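Structure first, then comments.
Quick caveat: nothing in here was measured; it's all calculated off a predicted structure. Side chains included, hydrogens not; waters and symmetry mates left out as well; all remaining heavy atoms used.
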Amino acid sequence: MELILNTFGVSLNRDNEGFVITHKEGRQRIPADGIRTIQISRGAQITSDAVLLAIEHEIEILFVDKAGKPIGRIWSPKYGSISTIRKGQLNFTFSKDSLSWIKDIICRKIENQQALLLMMRTEDSVANRKREKSLSRLEDYRTKITSISGEIVSDVSSQLRGWEGVASKIYFETLNDYIPDEYHFKCRSQHPAMDVVNAFLNYGYGMLYGKIEGALIKAGIDPYIGILHRDDYNRPVLVYDVIEIYRIWVDYVVYSLIVQRVVTDEYYSIREDGSYWLEGLGRRVLIQSLNDYLDEVVTVKGVSRSRLTQIQLYAQDLAQMFKKYE
C-alpha cells in the first residue's frame with residue numbers, strides 16, 4: 001500500500017503503531033503494517049514521529065515535485081549497501097560487459113514499444129500501413145544496436161543515444177495515430193509538458209523513477225553510478241538506464257486512460273506559457289491506475305509476481321551480477 005499526501009494542508013502524524021492522516025474532512029488512522037511507501041507533495045506535512053515510525057517499519061518516504069518526480073527521500077538505514085556490491089558496480093561500469101548490458105536494455109525498450117504498437121486497433125488503413133512501416137524501422141534500429149561493437153560504453157554512447165532517440169520519436173509519432181483526435185500531440189515534451197498526454201506521461205514516469213530508485217537502494221545498489229547515463233552530476237543516473245525497460249507500463253496506462261476518454265478539463269490546468277500540469281483529480285486517477293497496474297501479477301522468466309515486485313527482483317539480480325565484478 002502506498003500513502004499519497006498530495007493535497008494542500010493534509011498532515012501525517014503517528015498514533016502508536018499507526019499513521020493518522022488529518023485533512024479538512026476529518027481524520028483517518030491507518031496501521032503501519034502493509035504500507036510500502038509514503039509519497040508527499042508540496043503543501044502536505046509530516047511529523048518527526050511519523051517519520052520515525054516509517055523508518056522503524058522500513059517504509060520509504062518520498063518527496064515529489066508537481067510533475068511527480070522524486071526530489072528527496074528518507075529510507076531505513078537497514079537498506080544499506082555492502083561494499084562488494086558498490087565495488088563490483090564500479091568495475092562493471094568500465095567493463096566490456098556493461099556495453100552488452102545497456103544494448104540489451106535499449107533493445108528491450110524498443111521491443112516493448114513494438115509490442116504496444118501491435119496492440120493498437122483502428123479501422124484507419126493509412127494508420128495501419130504507417131504502423132507497419134514504423135515497426136520495420138524500429139526493428140532496423142534494434143539490429144543496429146545489437147550489431148554495434150566497442151570496448152566500453154563510452155566508445156559508442158553517442159550512437160546509442162542517437163538511435164534510441166530516433167526510435168522513440170518513431171514510436172510516439174505512431175502511437176499518436178491511435179489516440180482520439182482531441183488528445184493528439186505534436187511531440188514528446190518534458191520540461192514542461194505542452195499537452196495533456198505528455199503531462200500524464202511525465203507524471204507517470206516520475207512515479208516510476210521513484211519506485212526504481214527505491215528498488216535499487218534496497219538491493220544495495222548505488223543509483224548514482226550509471227552506465228549510459230553517467231555524465232549528470234548529482235543525479236540517480238542508473239535509474240535513467242533501468243527505467244527504459246519499464247517505461248512501457250506507464251505508456252500503456254496513460255494510453256488506456258486517453259482512449260477511454262475519461263480525461264476531462266478538471267484533470268489538468270494550462271499555464272500562461274502554454275504548459276500543461278495535472279491537477280488533484282488527474283493525479284489521483286493516474287496514481288490509482290498506475291499502482292493498480294503495478295500490483296497486477298505477471299510472469300517474467302517463469303516467476304509470477306506483481307509488476308512492482310518484478311522491478312525489485314530485477315534490482316536484486318542486478319546487485320548479484322555486480323558482486324561478480326568485485
Side-chain angles (χ1 to χ4, degrees), residues 36-41 51 54-55 58-106 108-109 150-158 160-161 164-165 190-191 202-247 250 308 310-326:
R36 297 189 302 245
T37 305
I38 299 171
Q39 187 181 116
I40 303 176
S41 303
V51 170
I55 291 173
E58 299 184 36
I59 300 168
E60 63 178 351
I61 302 173
L62 201 60
F63 297 89
V64 302
D65 63 17
K66 190 171 174 58
K69 195 168 184 178
I71 55 175
R73 176 187 299 274
I74 299 173
W75 67 83
S76 168
K78 295 179 182 176
Y79 294 163
S81 176
I82 60 174
S83 60
T84 53
I85 295 177
R86 292 201 178 200
K87 289 177 182 175
Q89 184 180 355
L90 276 172
N91 291 335
F92 176 80
T93 300
F94 297 101
S95 72
K96 190 170 184 176
D97 289 344
S98 67
L99 177 56
S100 300
W101 181 81
I102 196 63
K103 286 165 58 178
D104 179 64
I105 291 278
I106 300 172
R108 288 172 66 182
K109 173 186 179 180
E151 289 300 313
I152 56 176
V153 172
S154 58
D155 290 343
V156 296
S157 56
S158 60
L160 291 176
R161 289 194 186 96
E164 179 194 3
Q190 301 179 50
H191 308 296
N202 293 346
Y203 201 95
Y205 293 151
M207 289 177 60
L208 199 54
Y209 281 126
K211 295 180 189 304
I212 291 174
E213 185 180 7
L216 293 176
I217 291 170
K218 288 178 182 176
I221 295 173
D222 188 338
Y224 287 79
I225 303 174
I227 305 298
L228 182 61
H229 299 86
R230 64 170 60 171
D231 299 328
D232 292 324
Y233 176 72
N234 201 25
R235 292 184 181 181
V237 284
L238 186 61
V239 178
Y240 302 160
D241 291 331
V242 174
I243 197 175
E244 302 298 358
I245 310 173
Y246 302 107
R247 282 187 191 275
V250 174
L308 184 61
Q310 296 288 358
I311 293 175
Q312 295 163 355
L313 293 176
Y314 179 83
Q316 292 168 13
D317 288 344
L318 195 59
Q320 294 304 310
M321 183 186 74
F322 287 156
K323 288 173 70 175
K324 297 176 183 177
Y325 290 83
E326 185 197 9

Nearest heavy-atom pair of R235 and Y224: which atoms, and what distance?
O-CD2, 3.1 Å
Distance, nearest 0.5 Å, that separates CD1 of I221 from CD of Q316
9.5 Å
L62 CG to K69 NZ distance, which is reported to the nearest 0.5 Å
12.5 Å
Give the intermediate values and the outcome of side-chain contact (heavy atoms from CB on, under 4.5 Å) for residues L228 and E244.
CA-CA 11 Å; L228 182 61; E244 302 298 358; over 6 Å; no
Is a donor on one side and an acceptor on the other found under 3.5 Å between the side chain of D222 and the backbone of R86?
no
Taking all non-hydrogen atoms of both residues into account, name the closest pair between A215 and A315 and its distance.
O-CB, 3.5 Å
Heavy-atom distance under 4.5 Å between the side chains of L90 and I225, does that happen here?
yes
From I105 CD1 over to S100 OG, what is the distance, rounded to the nearest 0.5 angstrom?
12.0 Å
In short, I85 meets A219 closest at the heavy-atom pair CD1-O, 3.6 Å
Spell out, as yes or no, whether a donor-acceptor pair under 3.5 Å connects the side chain of E213 to the backbone of P236.
no
Across all chains, not counting sequence neighbours, the salt bridge (Lys or Arg N to Asp or Glu O under 4.0 Å) partners of E151 are K96
So do I311 and L208 actually touch side chain to side chain, heavy atoms under 4.5 Å?
yes
Can you list everything that forms a side chain to side chain contact (heavy atoms under 4.5 Å, CB included) with S98? Sequence neighbours excluded, please.
F92, S95, V153, I227
What is the distance from atom OH of Y203 to atom NZ of K66, rounded to the nearest 0.5 Å?
9.0 Å
Measuring only between side-chain heavy atoms, which start at C-beta, is E60 closer than 4.5 Å to I217?
no
Counterpart residues, ring pair (Phe, Tyr, Trp, His ring centres under 6.0 Å), relative to Y314 (two or more places apart)
none
Return the CD to CE distance between Q39 and M207, rounded to the nearest 0.5 Å.
6.0 Å
Side chain to side chain, L160 and L99, heavy atoms closer than 4.5 Å
yes
Determine whether M321 and D97 make a side-chain contact, defined as any pair of heavy atoms from C-beta on separated by less than 4.5 Å.
no
Check for a donor-acceptor pair, side chain of D155 on one end and backbone N or O of I152 on the other, with a separation under 3.5 Å.
yes
Nearest heavy-atom contact between R73 and F63 is N-CD1, 4.4 Å
Closest non-hydrogen contact found for R36 with I59 is O-CG2, 3.5 Å
Which value, rounded to the nearest 0.5 Å, describes the distance between I245 atom CD1 and I106 atom CD1?
11.0 Å
Measure across Y246 and I212 and return the closest heavy-atom pair with its distance rounded to 0.1 Å.
CD1-CD1, 4.0 Å
